[in-house]
Amino acid sequence: MAVIPVALAGRSYDVMIERGCVLERFAESARPFFDGYGSRAIPFVADANTARFFREKIDAALSGEDRRAEWFVVEPGEGAKSWSVLEELTDWLLGLGVTRTEHVFALGGGVVGDLTGFACAVTKRGCGFVQIPTTLLAQVDSSVGGKTAINTRAGKNLIGAFHQPSAVLIDPLVLEQLPDREMRAGYAEVVKYGLLGDAEFFGWLEENGDKVLSREPEALAHAIATSIRAKAKIVAEDERETSGVRALLNLGHTFGHALEAETGFSDRLLHGEAVALGMVLAARYSERRGEMRIDDAARAARVIDDAGLPSEIAALGLNCNGAKLADHMRHDKKMEGDTLPFLLLKGIGKAYLARDVALDDIAEFLDEQLQAH
Ligand code: GLY
């Protein structure tokens with residue numbers, strides 16, 4: 001078992017990574033967070049797919065403790081991160097009489113974690129919650145660090161709060177049920193940690209990425225733990241993304257977000273796939289600026305390509321030009337006047353925040369990429 005602390009003044013918590021900790025030993029793993037409920041039902045939030053896989057197991061584990069769960073089940077997909085679902089969820093939590101010292105369980109991927117975390121941030125000005133991430137992406141990224149949000153007409157994640165969970169329970173065994181495409185999408189965020197700050201881990205992924213993707217237990221556990229250690233360190237240094245350190249976690253996300261916007265935030269390009277291609281573009285743009293060696297940029301593209309993730313923008317078949325993609329970036333919440341802080345690379349494991357990137361130059365670069373190959 002690995003227990004990775006996220007050290008934050010007054011809000012520290014542990015991320016527990018253990019095969020079977022949810023699917024086989026849920027009551028034991030979660031017992032410290034049942035306090036206060038007595039014979040009242042413990043609230044669980046899940047999406048319909050996750051509930052189908054896990055609800056029976058969780059219910060059985062709780063009944064062995066003479067406890068019971070009450071479930072709030074949302075439709076799968078980003079649609080659940082909305083004002084209307086938030087309203088229903090907070091009403092439901094208030095109806096259950098959840099108090100500030102009690103814990104709500106978020107069982108699912110990023111959507112369920114973000115929605116539940118935000119509902120808990122605003123219910124009675126903040127009640128506890130425990131993240132139980134069931135996708136690789138949520139396990140290595142969104143469940144840790146306390147970013148919670150819903151989407152609005154103006155864009156994704158624009159209404160939200162920093163609200164840290166009280167614990168994150170990661171069971172790599174739950175990934176057995178994850179479709180390969182989602183596994184690959186989550187793997188993009190694993191590659192991100194190597195590329196942004198850990199050249200040795202990146203080298204390990206070059207050798208062992210296939211084992212992670214095929215869910216070999218030892219390789220998978222190593223990839224998850226290394227990713228979370230990196231994230232915990234960054235979050236502890238810059239919880240609210242004010243010093244530029246946490247911004248490193250956005251490597252590939254600015255390009256990626258523009259690609260997601262252009263493809264309508266749809267299944268055509270999953271978030272992780274957009275981030276994967278976004279990181280390749282960040283590497284190639286860094287190379288174009290003379291800041292990254294050509295062979296290092298090629299390594300970044302290869303690791304993504306080898307994982308079956310998109311590494312060529314031209315292959316997406318988009319019907320747009322670079323200016324249109326750059327225009328999507330103008331609505332980014334990190335936009336500062338006319339410039340957008342951009343995560344670029346000085347090598348493998350050497351990401352940095354560039355503040356001199358003109359969106360016109362990005363548009364020109366994207367035109368070159370759209371025409372390439
Ligand atoms: N997913 C980026 C962050 O947590 O800061």
Side-chain angles (χ1 to χ4, degrees), residues 4-8 11-13 15 78 81 106 108-118 120-121 129 131 133-151 155-165 167-168 170 182 185-198 223-261 265 270-279 282 329 332-335 340-345 351-353:
I4 300 171
V6 182
L8 296 163
R11 291 177 308 287
S12 296
Y13 57 96
V15 181
E78 286 284 326
K81 285 173 59 174
V111 166
V112 166
D114 283 8
L115 168 72
T116 310
F118 188 47
C120 291
F129 77 116
Q131 291 268 26
T134 57
T135 64
L136 180 59
L137 193 137
Q139 291 192 345
V140 298
D141 185 30
S142 59
S143 65
V144 178
K147 279 191 180 176
T148 73
I150 57 166
N151 306 325
K156 272 185 77 174
N157 295 334
L158 293 179
I159 299 290
F162 286 97
H163 185 54
Q164 299 293 343
V168 184
I170 295 183
E182 281 202 49
Y187 179 75
E189 300 278 0
V190 173
V191 170
K192 181 183 80 176
Y193 294 106
L195 207 47
L196 76 86
D198 188 342
I224 295 171
T226 308
S227 301
I228 291 174
R229 266 188 208 102
K231 178 142 191 187
K233 185 167 180 288
I234 287 172
V235 169
E237 261 180 72
D238 181 19
E239 181 186 4
R240 290 182 172 245
E241 203 168 315
T242 47
S243 74
V245 173
R246 187 164 181 164
L248 295 177
L249 294 172
N250 296 329
L251 179 64
H253 282 60
T254 305
F255 283 117
H257 193 265
L259 295 167
E260 281 184 278
F265 293 100
L270 301 179
H271 174 70
E273 293 168 342
V275 168
L277 181 49
M279 291 190 294
M329 298 176 189
D332 195 297
K333 57 183 171 306
K334 293 176 278 298
M335 196 79 190
L340 182 58
F342 238 95
L343 266 302
L344 298 180
L345 290 154
Y352 80 103
L353 191 62

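Remember, it's 1-based here, ligands and their atoms both numbered in the order they're listed.
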Engineer: I want to confirm something. Looking only at heavy atoms, which of D238, V275, V144, D141 is nearest to atom 1 (N) of ligand 1?
Structural biologist: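 Among D238, V275, V144, D141, the closest heavy atom to atom 1 (N) of ligand 1 comes from D141.
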Engineer: As an exercise, state the distance from CZ of F162 to CD of Q164, rounded to the nearest 0.5 Å.
Structural biologist: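 One gets 8.5 Å once the value is rounded to the nearest 0.5 Å.
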Engineer: Report yes if K147 has an N/O atom closer than 3.5 Å to an N/O atom of ligand 1; otherwise report no.
Structural biologist: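 Yes; at least one N/O pair falls below 3.5 Å.
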Engineer: Tell me which protein heavy atom sits closest to atom 5 (O) of ligand 1, plus the residue, atom name and distance to 0.1 Å.
Structural biologist: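 Going by distance alone, atom 5 (O) of ligand 1 is nearest to R246 NE, 2.7 Å.
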Engineer: So is K231 close enough to ligand 1, meaning a heavy atom under 4.0 angstrom away?
Structural biologist: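 Yes, K231 has heavy atoms under 4.0 Å from ligand 1.
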Engineer: Return the CG to CD1 distance between L249 and I234, rounded to the nearest 0.5 Å.
Structural biologist: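 The CG atom of L249 sits 4.0 Å away from the CD1 atom of I234.
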Engineer: Looking at OG of S243 and CD of E237, how far apart are the two atoms once the value is rounded to the nearest 0.5 Å?
Structural biologist: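 The OG atom of S243 sits 7.0 Å away from the CD atom of E237.
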Engineer: What's the spacing between R11 CZ and H163 NE2 if we round to 0.5 Å?
Structural biologist: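 Here the rounded value is 10.5 Å.
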